[in-house]
There are 2 protein chains.
Amino acid sequence: MAVTIHDVAKLAGVNSSTVSRVINGKATITPDTKERVYAAMRELDYHPNSLARSLASGLSGAIGVVVNARDAEAFSNFFFSRSLFAIEKVAQARGYQVIIANGAQSRDGTVESLMKEHKVDGLILPPTTVKPALMETIGDFPYVVLGTPDTLRSETCWVDNNNEQGAEMAVQHLKKMGYQQIAYLGGYQKRGFTKRRIRGYQNANESTEIILNTDGTSENAYTVAMAVLQKENRPDAFVCNDNLAAFGLLKACKELHLPVPKDIGIVAFDNYPLAEYMDPPLTIVDIDTAMLGEQSAQLLFRRIENKVGNQQIMLSTNLVIRASSEKKAK
Amino acid sequence: MAVTIHDVAKLAGVNSSTVSRVINGKATITPDTKERVYAAMRELDYHPNSLARSLASGLSGAIGVVVNARDAEAFSNFFFSRSLFAIEKVAQARGYQVIIANGAQSRDGTVESLMKEHKVDGLILPPTTVKPALMETIGDFPYVVLGTPDTLRSETCWVDNNNEQGAEMAVQHLKKMGYQQIAYLGGYQKRGFTKRRIRGYQNANESTEIILNTDGTSENAYTVAMAVLQKENRPDAFVCNDNLAAFGLLKACKELHLPVPKDIGIVAFDNYPLAEYMDPPLTIVDIDTAMLGEQSAQLLFRRIENKVGNQQIMLSTNLVIRASSEKKAK
DNA sequence: CTACAGCGTGCAACCGTTTGCATAATTAAT
DNA sequence: ATTAATTATGCAAACGGTTGCACGCTGTAG
């Protein structure tokens, strides 16, 4: 029913293998033959069956992007979706498809099935999947971790932004603006990137360390901030683990009539589009998610094609200075 | 090298076709045989090659989700990413993969290639792809449009939320709260869903119609709001086309010292997680994006499996009442 | 006891490409 | 002009499953 390579071959008066070679452009073909084949393909509106190609070539022509999202919010987080945009772009340029798979919704190994059933030629994985057992079964199958794994850091292949350096910058900036007592707000400490941000905070902070844990929601950040802001010697500045924490904090400051940035300075990680619409606009440690996605995809393709070994790529972060950290010089 | 169905068959002492039947569970197999086959599969750590399966069965085992995103923002918009989460969930339950493809980054028909090269068994499309030419080539290939197409509305298959009804609800709510002059703020009118929201606004609004166009950004909404709020007889309430418009509007109100909700009432479409963290928290026309994704995926699978005809599904929206529309009863 | 239905399994063709090897055609070298 | 080297194309065997058809076996009915 569907038009196959054989139909094209017959019409062009050549063998199907020749048609295949024309399509793939690997071999040298007489210009005349090539033109006849192209003409036949056009005439028949031929589209190669990618399934058959994949089987014969052993390449699925797809990469998999795995995410562990228990709810839709995690899925729509900017880190993931913006990276995905860039990944798709790189893949498309190479004629590759992008398969997304949520590892959190299925108990049976998503990664294993994508890999062993030949559904993808390579994988982009979240750091939480990096565990000795999985790395064992992954073997030398091409993959890149998007983020820094908690374990096996030097034996795995990953791309991440430098969270530690980002937090250092944030603290240094706040100090320069004249804030004295800087606290760290937000984030389950369980998460690797949070740990690294906290380490950066600790590196750069010279006064008392105040680390305020939250469950990751704005609500909880608000509650925690309300408590700490009413204490005797409260901090006068905060580095927030993400924008959501900053939103909760802002709300608390407002309710307690503590002016930002005059009495309280704020710097937050992650650049939500609305960060600059907050009152006041938030100073941000900006993460170049597009670059992160692009780099990870490109590294993955290098591994798929050249079989290069593990590599680690660390991108630096950027401070976007807005009103929330601009203490008036006194 | 890889272990195939034949290796399993040999070890289990049966023919490979039997193994195939065991895997697919379509035919009746003696329990004893079945057990032997399973044992052999386990022993050899057999994973069926999905590429070969696809070729033989003619089904790729994947659905495609197409999006037209020129920049990363569009990609990470909540509508898309939340629906995607639900779509993936439905697909995974059926053993299907989800391929995402950005139609905006390639001139050569993304849809056509996914379809004709057998890369997917069905497609979820954005309304902007619905054009007579494309529908022609799509023929009876299974697809579902996520949103209401501008044209061919009754001849295509789509799932959408009822934007018109949502806007009506918003206006009625504001009237009930005592606001007199309600304006509509935001959105390029070009977009179909914006047009439908405006129509709803017009249906329910009984005083002068004030429709304020923006380019979709918060900045522009702010500028437009600043202008209109300084006029002689300014509106005392706004229905905003999305949260971004509401953010710009809020900023303008704040600068002009117009208290919300006392002097100005606001209802906005789309429920960003931060909407309730604004000052004041925003009243929202909530769109159940998860349900939208789920319904579209399920409809798609119905089309893939049963070849049911075109269907249109319209989901209703929900008003989430918060402080921004709570005018004090006078 | 024979006949027929129905279940379980094997055989082999087929899905539409790719690709190693062989061969024919062309070009270059002597 | 003859031979060697190179290039262009054909042949046929994979790739790893699925599936229609045929056949043997078991069980029930006549």
Side-chain angles (χ1 to χ4, degrees), chain A residues 1-41 44-62 95 97 113 115-121, chain B residues 1-38 40-41 44-62 95 97 113-121:
Chain A
M1 46 180 141
V3 23
T4 75
I5 205 172
H6 303 293
D7 303 323
V8 175
K10 201 188 298 172
L11 183 59
V14 297
N15 187 274
S16 57
S17 61
T18 302
V19 177
S20 171
R21 288 188 253 257
V22 169
I23 293 169
N24 293 295
K26 292 280 179 190
T28 47
I29 304 279
T30 311
D32 172 54
T33 312
K34 200 183 279 187
E35 200 34 68
R36 277 208 327 282
V37 170
Y38 278 131
M41 298 197 326
L44 297 173
D45 188 32
Y46 168 73
H47 291 264
N49 183 323
S50 66
L51 271 29
R53 288 185 121 187
S54 293
L55 178 58
S57 68
L59 290 170
S60 73
Q97 305 308 128
S113 112
M115 193 175 88
K116 298 209 172 158
E117 297 175 11
H118 296 261
K119 287 183 172 161
V120 298
D121 300 333
Chain B
M1 46 181 143
V3 23
T4 75
I5 203 172
H6 303 291
D7 304 323
V8 175
K10 202 188 296 172
L11 182 59
V14 297
N15 186 274
S16 57
S17 62
T18 302
V19 177
S20 172
R21 287 189 254 259
V22 169
I23 293 170
N24 293 296
K26 292 280 179 189
T28 47
I29 304 279
T30 312
D32 172 54
T33 312
K34 202 184 276 188
E35 200 34 67
R36 278 209 325 284
V37 169
Y38 278 132
M41 297 199 325
L44 298 173
D45 188 32
Y46 169 72
H47 292 262
N49 184 322
S50 67
L51 270 28
R53 288 184 121 186
S54 293
L55 177 58
S57 68
L59 290 171
S60 73
Q97 306 307 129
S113 112
L114 287 172
M115 192 175 89
K116 299 210 172 157
E117 297 174 12
H118 296 261
K119 288 184 171 160
V120 298
D121 299 334

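Labels below follow one simple rule: chain letters A, B, ... track the order of the sequence lines, proteins then strands, and each chain is numbered from 1.
Take Ala40(A) and apply the side chain to side chain contact (heavy atoms under 4.5 Å, CB included) test, not counting sequence neighbours, and it matches Val8(A), Leu11(A), Ala12(A). With sequence neighbours left out, Ala52(A) forms a side chain to side chain contact (heavy atoms under 4.5 Å, CB included) with Asn49(A), Leu55(B). Taking Ser50(A) as the reference, Glu117(B), Lys119(B) meet the side chain to side chain contact (heavy atoms under 4.5 Å, CB included) condition, with sequence neighbours excluded. Residues meeting the side chain to side chain contact (heavy atoms under 4.5 Å, CB included) test with Thr30(A), sequence neighbours left out: Asp32(A), Thr33(A).
Side chains of Ile23(A) and Arg53(A) form a contact here, defined as non-hydrogen atoms less than 4.5 Å apart.
As a whole-Å value, the separation of Ile29(B) CD1 from dT9(C) C1' is 7 Å. Spacing between atom CG of Leu59(A) and atom P of dT17(C) amounts to 16 Å, rounded to whole angstrom units. In this structure, Arg53(B) places its CZ atom 19 Å from P of dG16(C), rounding to the nearest Å. Rounded to whole Å, atom P of dG17(D) lies 21 Å from atom NE2 of His118(B). Leu44(B) has its CG atom 15 Å from the C1' atom of dG16(D), to the nearest Å. In this entry the distance linking CG of Leu51(A) with P of dG16(D) reads 15 Å, nearest Å. Regarding Tyr46(B), its OH atom lies at a distance of 10 Å from the P atom of dG16(D), rounded to whole Å. As rounded to whole Å, 15 Å separates atom P of dG10(C) from atom NZ of Lys10(B).
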Contact letters for nucleotides 19-25 of chain D, in which S counts primed atoms plus P, OP1 and OP2 and B counts the base, heavy atoms under 4.0 Å = BB-----
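Both Ala52(B) and Pro31(B) lie near DNA chain C, and the one whose nearest nucleotide falls closer to the 5' end is Pro31(B).
Under 4.0 angstrom from either OP1 or OP2 of dT9(C) there lies at least one side-chain N or O belonging to Thr33(B).
Nearest nucleotide to the side chain of Thr28(B), out of dG8(C), dG16(D), dG10(C): dG8(C).
In this structure, OG in Ser113(A) is found 11.5 Å from NE2 in His118(A), a value given to the nearest 0.5 Å.
For the side-chain contact (heavy atoms from CB on, under 4.5 Å) test with Tyr46(B), the passing option among Val37(B), Ile5(B), Asp7(B) is Ile5(B); the others fail.
At a threshold of 4.0 angstrom between heavy atoms, the contacts of Val19(B) with the nucleic acid are absent. Looking at heavy-atom distances under 4.0 Å, Leu55(B) makes contact with a base.
When every heavy atom of Arg36(B) is checked against every heavy atom of Val14(B), the shortest pair comes out as NH2-CG1, 3.5 Å. In plain terms, the two heavy atoms of Asp121(B) and Ser60(B) that are nearest each other are OD1-N, 2.8 Å.
Remark on the helix from dC1(C)-dG30(D) to dT30(C)-dA1(D): inter-end axis angle 40°, axes from five-pair C1' superpositions, rounded to 10°.
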